[in-house]
Amino acid sequence: MARTRTVDACPGALQTHQAADGPLARIRLPGGALSATQLSALAGAAVKFGSGALELTARGNIQLRGLTDTVAVAEAVAAAGLLPSVSHERVRNIVASPLSGRCGGQADVRGLVAGLDRALCADPRLAALPGRFWFGLDDGRGDIGGLATDIGVHLLSADCAALLLAGRDTGVRLDHDAVVPTLVDVAATFLTVRDSAWRVAELERPTALLHGMEATEPGGRTWPPATRPPVGWITQDDGRVTLGAAVPLGVLTARVAEYLVALDAPVVITPWRSVLLGDLGEAAADAAVRVLAPLGLVFDAQSRWLAVSSCVGSPGCAHARADVRADAAAAVDTPADGHRHFVGCERACGSPPVGQVLVATGDGYRQLRP
């Protein structure tokens, strides 16, 4: 079913959202990737112009809250190289397998991320895409396919990819060179048929987007949602180390971010509100864990923090009926079956596709879905 609201209020670095605690900016990070220098710039902006923290989102992006100077923040984002297109900055929604090119997978999709980002920004038509419309590039391990992005691919081999619509295999097969132009083509077609729909899943007939492409294999396959981030010591294919760190409730303080910056390692923000620090030597990785774990980052894959998440709640959101972050933190040591996501209202922002969604009622919580 298409949405009835016609105004796309999805925030960006330039079009901010007026939250209860002040303007909020969302910085798109295609593939979740940023350099240590870029992370330092965002941490500095958070301290100088905001709440002093970086919020990691369920799409692998970063939000800055409580802003006092939105123009200065936009300038800082642009100076860091994170705003390559003023007109397309809210449509650069690309999520990719976070470990791609470092560990496992059929092939490295980071080149496809960069190519798709350039192609999106180069096509004037695509500036009209809704701010929540997103693209997924799964390197074959199945982590991104389960997120049901609007348009995406799942690599079946280094040279062949399945085309996905709303997380479902269409049966269309693409070679490597066809991936980016096909995704751009399908996105442009969406704009011609969308009516009031914001997402592919809202279309009555999503297959209309294939506009004559031939399915050469049976379609319909889906992938189960990945519920936990890669956490801990991950040995890369080249022998170096990636450290996976869960960030409790997705709130990374600028102080802790600067410790990450000191490692001078490439950073990936995952769709599970965690951080990957790549290409580390063993000695550097060992030292990093010793420093970062006492600061609150989680390297234990069995930690209960991995089974709890929340929206921002009050006082940051005017719709919220509770301080859900505080309640989620208090519930961490309470055993439960599966993941629990605490939200302040029925909009259920940031909810994962599986697990319990607990909605604040004013005097407790009720379960939003079975």
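Worth saying up front: this structure is predicted, and the values here are computed from it rather than measured.
Side-chain atoms of S40 do not come within 3.5 Å of backbone N or O of A36 as any donor-acceptor pair. Side-chain atoms of D143 do not come within 3.5 Å of backbone N or O of A226 as any donor-acceptor pair. A donor-acceptor pair is defined here as one N or O able to donate and one able to accept, closer than 3.5 Å; such a pair exists between the side chain of D138 and the backbone of I144. Checking side-chain atoms of S97 against main-chain N and O of L99 turns up no donor-acceptor pair under 3.5 Å. Checking side-chain atoms of S309 against main-chain N and O of S351 turns up no donor-acceptor pair under 3.5 Å. A donor-acceptor pair is defined here as one N or O able to donate and one able to accept, closer than 3.5 Å; no such pair exists between the side chain of R325 and the backbone of V251. The closest donor-acceptor contact from the side chain of E202 to the backbone of W198 lies under 3.5 Å. At distances below 3.5 Å, not a single donor-acceptor pair connects side-chain atoms of H339 with backbone N or O atoms of V354. Side-chain N or O atoms of T170 include one that pairs as donor or acceptor with a backbone N or O of L163 at under 3.5 Å. With hydrogens and angles disregarded, a donor-acceptor distance shorter than 3.5 Å links the side chain of N61 to the backbone of L29.
Between the side chains of S310 and H341, no donor-acceptor pair is found at a separation under 3.5 Å. For the residue pair D323/S314, the side-chain donor-acceptor check at 3.5 Å is not satisfied. A donor-acceptor contact under 3.5 angstrom links the side chains of R26 and Q63, judged on distance only. Side-chain atoms of Q236 and T242 form a donor-acceptor pair, as typed in the model, at a separation below 3.5 Å. When only modelled atom types and interatomic distance are considered, T361 and D363 share a side-chain donor-acceptor pair under 3.5 Å. There is a side-chain donor-acceptor pair under 3.5 Å between R28 and N93.
Few gaps surround CD on E346; more than 12 heavy atoms of other groups in view lie less than 6.0 Å from it.
R92 approaches L82 most closely through the heavy-atom pair NH1-O, 3.7 Å. Nearest heavy atom pair, residue C349 against residue V343, reads O-CG1, 3.9 Å. Taking both residues in full, the closest heavy atoms of T149 and G136 are given as OG1-N, 3.3 Å, listed atom of the first, atom of the second, then distance. Counting all heavy atoms, side chain and backbone alike, A307 lies closest to R228 at CB-NH2, 3.6 Å. Minimum interatomic distance between V324 and A360 (heavy atoms only, all atoms of both residues): CG1-CB, 4.5 Å. Closest non-hydrogen pair, A43 versus A257, comes out as CB-CB, 4.0 Å.
Looking only at side-chain heavy atoms (C-beta outward), P30 and L116 stay at 4.5 Å or farther from each other. In this structure, the side chains of L243 and I234 stay at 4.5 Å or more apart for every pair of heavy atoms. The side-chain heavy atoms of L164 and H154, taken from C-beta on, include a pair separated by under 4.5 Å.
Both L210 and F133 belong to a single network of hydrophobic side chains, linked directly or stepwise wherever heavy atoms of I, L, V, M, F, W or Y lie under 4.5 Å apart. Residue V298 is grouped with residue V308 when hydrophobic side chains (ILVMFWY) are merged at heavy-atom distances under 4.5 angstrom, including chains of intermediate members. Each of V179 and W223 belongs to its own hydrophobic cluster when Ile, Leu, Val, Met, Phe, Trp and Tyr are linked at side-chain heavy-atom distances under 4.5 angstrom. Note on V332: it clusters hydrophobically with L249, by side-chain heavy-atom contacts below 4.5 Å among ILVMFWY residues. V231 and V267 fall into different hydrophobic clusters, where Ile, Leu, Val, Met, Phe, Trp and Tyr side chains are chained together by heavy-atom contacts under 4.5 Å.
Here CG of L295 is found 9.0 Å from CG of L260. Values are rounded to the nearest 0.5 Å. One finds the CG atom of L263 at 11.5 Å from the CD atom of E258 (value rounded to the nearest 0.5 Å).
Salt bridge R65/E55: present, at least one basic N to carboxylate O contact under 4.0 Å. Remark: E214 does not engage R173 in a salt bridge, criterion side-chain N to carboxylate O under 4.0 Å. Under a 4.0 Å N-O distance rule, the pair D8/R90 qualifies as a salt bridge.
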Q: Verify side-chain contact (heavy atoms from CB on, under 4.5 Å) between L129 and L191, making sure each step is shown before the conclusion.
A: CA-CA 7 Å; L129 284 172; L191 289 174; 3.9 Å; yes
Q: Under the side chain to side chain donor-acceptor pair (under 3.5 Å) rule, what do Q302 and D300 come out as? Steps first, then yes or no, please.
A: CA-CA 5 Å; Q302 303 306 314; D300 178 7; 5.5 Å; no
Q.
Evaluate R102 against D279 for salt bridge (charged side-chain N to carboxylate O under 4.0 Å, His left out), listing each step before the verdict.
A. CA-CA 8 Å; R102 292 192 169 92; D279 305 340; 2.9 Å; yes
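Remark: R59 qualifies as a cation-pi partner of W134 under the 6.0 Å distance and 45° angle criteria applied to the six-membered ring.
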